[in-house]
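Sequence lines set the chain letters: A, B, ... in the order given, protein chains first and strands last, and positions in each chain run from 1. Just so it is clear, the model here is predicted, and its values are computed rather than measured.
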There are 2 protein chains.
Amino acid sequence: MTATPHSASILLRKLERFGTFSEVERRAITELPVTIRSLGAGQDIVRDHERQSHCCLMLDGWASRYQVCSRGKRQIFSFHIPGDLTDYQSLHLPANDYSVCTLTSAIVAFIPHERLHELISIFPQIAVALWRDAHVDAAISRSWLVGMGVRTACEALAHLLCELYVKLEAAGLAANLRYHLPITQGVLADALGLSNVHVNRVLSELRTRGIFTLSNHVLQIHNWNDLTRYCDFDPSYLHLVPQIAEA
Amino acid sequence: MTATPHSASILLRKLERFGTFSEVERRAITELPVTIRSLGAGQDIVRDHERQSHCCLMLDGWASRYQVCSRGKRQIFSFHIPGDLTDYQSLHLPANDYSVCTLTSAIVAFIPHERLHELISIFPQIAVALWRDAHVDAAISRSWLVGMGVRTACEALAHLLCELYVKLEAAGLAANLRYHLPITQGVLADALGLSNVHVNRVLSELRTRGIFTLSNHVLQIHNWNDLTRYCDFDPSYLHLVPQIAEA
DNA sequence: CGGGAGGTTGAAATCACTCAATTAGAGTGG
DNA sequence: CCACTCTAATTGAGTGATTTCAACCTCCCG
């Protein structure tokens, strides 16, 4: 564990999507005291039902919120990429209803709740940006509900991969309709409420249909418009402006 | 449309679950200027992609957030009962990703965004209570994700009915393991991602198993512990304390 | 070279859907 | 008070989607 200044600048970059800040506000965010930790893949960061004293900011790698039901099956609620706060809920509620684990090896920054509370009370603009981020998070959950409720397995998977493209692109981690997807088919299955066998079949069907190709953890989208039309993807719920470059 | 003072006291009652307020704060909430409207069943209150200037507070009746996909199927995201704010997201984001409609005839209060923004900026305790309410809302979405992803149709339906019991009880609208459920099986189906035919079969299976009885829109739970054990219901995500009276 | 995790494929079984027909109940007009 | 109508609930039969179980492959890493 080491404390490094300016690690929180990745948070600033993210929050600036949701509002413009003064120089003072910017400095307040980047100078948040953080504790950096390097974690292996598959490690829990936050555990269900526990009270937290810190919020967790992803600096590198992927993580997910999830819950394991009594029969042992896992439901993944969200994927988190660098710049994401994984558990701002813990800022306001005494206990979490989910766990958070890394999906890859990762570097995370823990920010003390007290400092975030100070930040919010002193700088209303920052509070608004956090509100917006939280609302987008909720909108993503709703989008996943649509996927499981009304979309076919193919459409749901395609829609999720669109969503990840737009998020990654906004974070500077994807371009040219291609990105690194460092998770297994089993993880996708747990997110979509499908079996890993079926995710495999769905992926090969989408490959056959020429919609995209996923191999060696690299996703290559062939045509953005075809893909979004196919799965009825409307990025407005993410409140990001995708800069789609037609390949 | 009429403006009535003190209609917002139902909002106060709800928010007081999430924090204690001073007399000044209480007054500020109850004296929010509201516009009351009486609506029939099945009317839209908020429409997808539109910008709102007011938040909608349920005074009487039920409403739901929903989205209709391109193939015409509807996914319901949440149910709202008296005391609920249906769209605080509109306070911070320029456009909604869902619509809101009444499920029964209803009375709703519209509160201007500007007044809510004032309230939040002047009274941090009220802002915290709103944060908490928003987080519980997100936790409910996650719970529905678990229902569609890992639970069987029977368990998911039973779990939803548990959730509604706890919410209604906290609002003083249910007691003695019984409540009025003023929605059709088709609405339940759209919430659970099932067909209305299957909801019907699942209901009759649960009735046969003696878990609960739903007839004439009255739900009677036979034994709370049996029910919660059956569907793996843990109410902690609602951050309410259920006062279950064993029948 | 061996082990293990993840990916792929096939076959059978299950869950839930669609389609279609029937019943029940609430409201309406004559 | 009775037909009429509409919506919701119910039931049956057949279909389709997805799961489970099992086997096998592949690749990476030690």
Rounded distance in Å - [atom1] ([X]) to [atom2] ([N]):
X: N200(B); N: dC15(C); atom1: CG; atom2: P; result: 18 Å
X: H217(A); N: dT26(D); atom1: NE2; atom2: C1'; result: 13 Å
X: M148(B); N: dC15(C); atom1: CE; atom2: C1'; result: 16 Å
X: N196(B); N: dT18(C); atom1: CG; atom2: P; result: 9 Å
X: L214(A); N: dT8(C); atom1: CG; atom2: C1'; result: 14 Å
X: L188(A); N: dG6(C); atom1: CG; atom2: C1'; result: 13 Å
X: L181(A); N: dG6(C); atom1: CG; atom2: C1'; result: 14 Å
X: E155(B); N: dC15(C); atom1: CD; atom2: C1'; result: 13 Å

Need one value for [X]: base, sugar-phosphate or nothing, where a base atom within 4.0 Å counts as base even if backbone is also close, heavy atoms only.
X: L203(B); value: nothing
X: S195(B); value: base
X: G42(A); value: nothing

Atom NE2 of H222(A) and atom CZ of R207(A): how far apart are they, to the nearest 0.5 Å?
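That separation rounds to 10.0 Å.
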
Going by distance alone, is a donor N or O of one side chain under 3.5 Å from an acceptor N or O of the other, for Y66(A) and D44(A)?
yes

Is the phosphate of dA5(C), meaning OP1 or OP2, less than 4.0 Å from a side-chain N or O of Q185(A)?
no

Under 4.0 Å: is that the gap between some side-chain N or O of K73(A) and OP1 or OP2 of dT19(D)?
no

As a test of understanding, state which of K167(B), R17(B), K14(B) forms a salt bridge (charged side-chain N to carboxylate O under 4.0 Å, His left out) with D133(B).
K14(B)

D137(A), D87(A), D97(A) screened by salt bridge (charged side-chain N to carboxylate O under 4.0 Å, His left out) with R65(A), the one that passes
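When salt bridge (charged side-chain N to carboxylate O under 4.0 Å, His left out) is applied between R65(A) and each of D137(A), D87(A), D97(A), only D137(A) qualifies.
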
Between E205(A) and R201(A), does at least one N-O distance fall below 4.0 Å, as a salt bridge requires?
no

Kindly indicate whether the side chain of R201(A) and the base of dG7(C) share any N or O donor-acceptor pair separated by less than 3.5 Å?
no

By nearest atom, which of the nucleotides dA9(D), dC17(C), dT10(D) is closest to the T184(B) side chain?
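Taking heavy atoms from C-beta onward, the closest nucleotide is dA9(D).
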
